[in-house]
Amino acid sequence: MSLKPFYPVAIPILNGNEKKYVMDCMDSTWISSNGSYISRFEQAFADFSNAKHAISINNGTSALHLSLLAHDITEDCEIIVPTLTFVATANAVRYCGAKPIFVDCDPYTWNIDPTLIEKKITNRTRGIIVVHLYGNPCDMDPIYKVAKKHGLFIIEDAAEAIGAEFNGKLTGTLGDIAAFSLFGNKIITTGEGGMITTNDDSLAEKVRILKGQGMDSNKRYWHPIIGYNYRMTNIQAAIGLAQIENVHWHVTRRIEVGNLYLKYLRKENRLILPTTKPDVTNVFWMFSVVLKKGGEKERNNLMAYLLSKGIETRPFFYPIHKLPPYMPGQNTNEYPNATSISERGINLPSHAGLSEEDIQYLCQCVQEGLDLLGS
Ligand SMILES: *Cc1c(COP(=O)(O)O)cnc(C)c1O
């Protein structure tokens with residue numbers, strides 16, 4: 001009897017200097033948030049992103065929180081966010097006491113629909129968080145236009161999109177400041193971890209102070225503001241440095257996996273495949289499909305069938321306006337695209353370790369599942 005293969009949605013791939021650098025931390029005893037790997041990782045991340053500053057953070061959610069705090073976001077502010085994203089995007093706004101104002105998504109890219117932003121702007125609106133969902137960069141030009149017209153800042157939630165490009169420019173430099181996640185299932189990882197990139201010296205300085213308990217950078221134990229302990233450890237940075245040394249490989253493999261899925265599912269007219277605009281590079285953090293017909297039940301049936309074949313999948317995020325802490329006061333009919341796409345969307349196994357044979361098999365199982373559904 002042969003063991004049935006199992007295909008997880010995501011696995012971290014630690015095929016570079018990760019172990020060597022971690023052992024170096026152990027041998028040197030530099031295991032907390034001081035140590036040379038922190039600055040080496042930050043420098044390498046900044047070099048890769050073409051950003052002036054890269055600041056390591058303990059996770060992606062904290063990176064979003066500090067990106068908002070660096071813009072002095074408080075209780076009376078409103079921040080525009082897409083409703084179809086991971087909950088952390090909106091939670092970070094609430095951590096500041098501010099109000100996330102949700103916007104529906106584009107039916108094809110699944111990213112924030114730029115044409116719906118302007119009508120949500122009030123005299124309290126301070127900024128927009130764009131999320132490059134599942135590795136597909138947002139259509140930035142119309143977002144720049146509306147942000148400029150109303151004097152709003154742009155934060156990129158680039159948690160899922162390291163290496164992705166819009167008009168030849170990498171994520172991390174497409175707005176005023178960007179938050180990356182380095183969680184274990186992201187394109188590169190430090191286990192738990194995050195990074196902030198910006199070209200703005202004053203935002204960078206504020207972030208550095210906020211992440212280290214608000215301590216004055218010239219006067220030890222003098223804390224002019226309330227800060228946080230959002231630091232990354234040298235051990236995490238050691239893993240991160242090894243990962244970023246191989247970032248081109250990690251990103252290229254994701255793109256290859258995405259393109260192979262597109263190749264084998266191209267003729268599958270029961271699915272909506274990811275739409276990538278011509279001026280962007282999608283890095284396919286999660287290769288995702290949306291059922292053309294049916295709803296949540298059919299989607300869940302397909303996922304159950306795939307699981308029976310040893311294939312792990314994930315449902316799309318629930319639109320945040322439907323989650324209990326965010327639902328009060330919402331008009332739930334207001335976000336038809338996000339609602340419908342969320343119910344019919346599936347993330348397929350998408351990590352860098354998948355071969356062409358794996359993807360052929362995965363696509364064959366998806367099609368068998370669709371046949372059984374009779375859709
Ligand atoms: C993963 C993720 C985050 C949060 O990152 P953590 O490192 O898990 O805190 C935020 N936004 C999006 C879109 C994500 O996918």
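For clarity, every value in this text was computed on a predicted model and none was experimentally measured. First listed ligand is number 1; within each ligand, the first listed atom is number 1.
Residues Ile117 and Tyr335 do not share a hydrophobic cluster, clusters being chains of Ile/Leu/Val/Met/Phe/Trp/Tyr side chains in contact below 4.5 Å.
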Determine, step by step, whether Asn58 and Tyr228 satisfy the side-chain hydrogen bond (donor to acceptor under 3.5 Å, both in side chains) criterion, reporting the C-alpha distance in whole Å, the side-chain angles of both residues, the deciding distance to 0.1 Å, and the verdict.
-> CA-CA 11 Å; Asn58 62 341; Tyr228 299 81; over 6 Å; no

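Counting heavy atoms of neighbouring residues, nucleotides and ligands inside a 6.0 Å radius, atom OH of Tyr264 exceeds 12 of them.
Salt bridge status for Lys263 with Glu356: present, with a side-chain N to carboxylate O gap under 4.0 Å.
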Note every protein N or O atom lying under 3.5 Å from an N or O atom of ligand 1, pairing the names and giving the distance.
{"residue": "ligand 1", "atom": "5 (O)", "partner": "Ser181", "partner atom": "OG", "Å": "3.2"}
{"residue": "ligand 1", "atom": "7 (O)", "partner": "Gly60", "partner atom": "N", "Å": "2.8"}
{"residue": "ligand 1", "atom": "7 (O)", "partner": "Ser181", "partner atom": "OG", "Å": "2.7"}
{"residue": "ligand 1", "atom": "9 (O)", "partner": "Asn59", "partner atom": "OD1", "Å": "3.4"}
{"residue": "ligand 1", "atom": "9 (O)", "partner": "Gly60", "partner atom": "N", "Å": "3.3"}
{"residue": "ligand 1", "atom": "9 (O)", "partner": "Thr61", "partner atom": "N", "Å": "2.9"}
{"residue": "ligand 1", "atom": "9 (O)", "partner": "Thr61", "partner atom": "OG1", "Å": "2.5"}
{"residue": "ligand 1", "atom": "11 (N)", "partner": "Asp157", "partner atom": "OD1", "Å": "3.3"}
{"residue": "ligand 1", "atom": "11 (N)", "partner": "Asp157", "partner atom": "OD2", "Å": "2.8"}
{"residue": "ligand 1", "atom": "15 (O)", "partner": "Glu160", "partner atom": "OE2", "Å": "2.5"}
{"residue": "ligand 1", "atom": "15 (O)", "partner": "Lys186", "partner atom": "NZ", "Å": "3.1"}

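In this structure, Arg94 is positioned above the aromatic face of Tyr326, its NZ or CZ under 6.0 Å from the six-membered ring centre and within 45° of the axis.
When the options Ile346, Leu271, Val289 are evaluated for a side chain to side chain contact (heavy atoms under 4.5 Å, CB included) with Val366, the one that passes is Leu271.
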